[in-house]
There are 2 protein chains.
Amino acid sequence: MPSQAAILAAIASPRRREILRLVWKEERTAGAIHQAMPDVTFGAVSLQLRSLAEAGLIQTRAKSRNRFYRARPEALGQLGKMLEQMWDDKLWALKLEAELEQTRRGPRPHRRPRTKKG
Amino acid sequence: MPSQAAILAAIASPRRREILRLVWKEERTAGAIHQAMPDVTFGAVSLQLRSLAEAGLIQTRAKSRNRFYRARPEALGQLGKMLEQMWDDKLWALKLEAELEQTRRGPRPHRRPRTKKG
DNA sequence: TGGATACTTTAGATTAAACTAAAATAGTTG
DNA sequence: CAACTATTTTAGTTTAATCTAAAGTATCCA
């Protein structure tokens with residue numbers, strides 16, 4: 001049984017939240033999930049799927065060559081509501097883009113230097 | 001106004017959750033918080049306090065040379081309840097110790113290798 | 001003013017997370 | 001079984017988070 005801490009860690013990542021959203025209402029194959037995230041490799045998606053599964057947030061069904069993933073909202077409790085709220089937010093897509101963008105390139109903007117005294 | 005995403009990121013860290021717990025019921029000075037976390041420097045604590053403040057999860061009051069920090073549970077909503085649950089858990093102290101320990105040393109245990117076929 | 005206290009910030013180092021490319025596993029099909 | 005498809009895993013790299021040590025800022029008090 002995964003801990004609350006593991007759940008918090010899992011949903012802290014925008015990438016994992018995006019995956020969770022994709023499999024929230026209906027199951028999808030790993031391949032379909034990857035297709036929806038063209039900026040990372042299949043391998044990267046697979047690793048995040050593993051993290052989510054280890055946190056108990058998704059379940060797997062194997063059928064022929066495919067693996068179907070589906071969210072387990074019951075593992076999230078109230079947290080699920082919070083995520084749905086984030087996804088319903090009209091500005092959500094933009095925000096997510098910004099979040100992912102931030103993780104993609106460049107040094108983070110640093111705060112103004114102090115006004116030198118001497 | 002900090003985003004939900006920023007809040008999730010902030011409470012994903014066991015160290016920051018520990019600080020949050022310390023200032024949950026009553027305000028404390030930065031120094032008092034640091035005293036309760038002897039395994040990190042004052043500077044490290046100060047940085048985490050900044051993160052928490054930027055996420056809107058704590059507020060500051062300056063009085064003389066001291067800075068008093070206090071949690072803002074209203075910024076956490078339902079999440080606050082979840083944290084309280086974690087802290088009430090009798091096993092909590094042990095679990096936290098384990099979490100922090102894990103971040104302190106050694107490579108994480110990796111899963112069994114596949115049984116070689118050929 | 002100068003030294004002590006309380007804290008923050010910076011710069012650089014260390015650790016951990018996330019990613020890529022390639023190899024491995026496993027079903028399916030002929 | 002060989003080739004093909006779907007996916008996972010490994011090994012190594014890159015990026016981001018966290019930490020330390022030292023310097024900086026602010027307040028207090030003699």
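- Taking only side-chain nitrogens and oxygens, B/N66 comes nearer than 4.0 Å to OP1 or OP2 of C/dC7.
- When the side-chain nitrogen and oxygen atoms of B/T41 are compared with OP1 and OP2 of D/dA21, none of them lie within a distance under 4.0 Å.
- Dashed line: the shortest gap from a side-chain N or O of A/R50 to OP1 or OP2 of D/dT9 is under 4.0 Å.
- Whole-Å rounding puts the B/H34 NE2 to D/dC19 C1' distance at 12 Å.
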**Asked** Which is it for A/R17 and A/M86 under the side chain to side chain contact (heavy atoms under 4.5 Å, CB included) test, yes or no, and what are the steps along the way?
**Response** CA-CA 10 Å; A/R17 282 200 305 271; A/M86 291 173 75; 3.8 Å; yes

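- Look at A/R16 and you'll find a side-chain N or O under 4.0 angstrom from OP1 or OP2 of C/dA18.
- Relative orientation of the A/F42 and A/H34 rings is parallel, given thresholds of 30° and 60° on the angle between their planes.
- Residue B/G43 is in base contact, counting any heavy-atom pair closer than 4.0 Å across all strands shown.
- For A/S64, the side-chain atoms get nearest to C/dG27 when compared with the rest of C/dC19, C/dC7, C/dG27.
- Whole-Å rounding puts the A/D39 CG to C/dA18 P distance at 14 Å.
- Backbone-only contact: A/A30 has heavy atoms under 4.0 Å from sugar-phosphate atoms and none from a base.
- As a whole-Å value, the separation of B/E18 CD from D/dC19 P is 12 Å.
- Between A/R15 and A/E18, none of the side-chain N atoms (NZ, or NE/NH1/NH2) sits under 4.0 Å from a carboxylate O, so this pair counts as no salt bridge.
- Rounded to an integer number of Å, the gap from B/K63 NZ to D/dC28 P is 9 Å.
- Defined by atom type and a distance below 3.5 Å, a donor-acceptor pair is present between the side-chain atoms of B/Q48 and B/R16.
- Residue B/T60 is the one, among B/T60 and A/V45, whose nearest nucleotide of DNA chain C lies closer to the 5' end (criterion: closest heavy atom).
- To the nearest angstrom, P of C/dA18 lies 12 Å from CE of A/M37.
- Using a 4.0 Å heavy-atom distance criterion, A/F68 is classed as making no nucleic acid contact.
- Among the protein residues, B/S46 comes within range of the nucleic acid bases, having at least one heavy atom under 4.0 Å from a base atom.
- Atom pair B/F42:CZ and C/dC7:C1' shows a separation of 5 Å (rounding to whole Å applied).
- Here CG of B/L83 is found 11.0 Å from CG of B/D88. Values are rounded to the nearest 0.5 Å.
- Between the CD1 atom of A/I19 and the C1' atom of D/dT8 there is a distance of 14 Å, rounded to whole Å.
- One can place CZ of A/R15 at 13 Å from C1' of C/dA17, the figure rounded to the nearest angstrom.
- For the OP1/OP2 pair of D/dC19 and a distance below 4.0 Å, the side-chain nitrogens and oxygens of B/Q48 include at least one atom meeting the criterion.
- For B/R65, no side-chain nitrogen or oxygen approaches OP1 or OP2 of D/dC29 to under 4.0 Å.
- Contact check on B/K81 versus B/E84 returns no salt bridge, with no Lys/Arg side-chain nitrogen under 4.0 Å from an Asp/Glu carboxylate oxygen.
- Checking the phosphate oxygens (OP1, OP2) of D/dT8, a side-chain nitrogen or oxygen of A/Y69 falls inside 4.0 Å.
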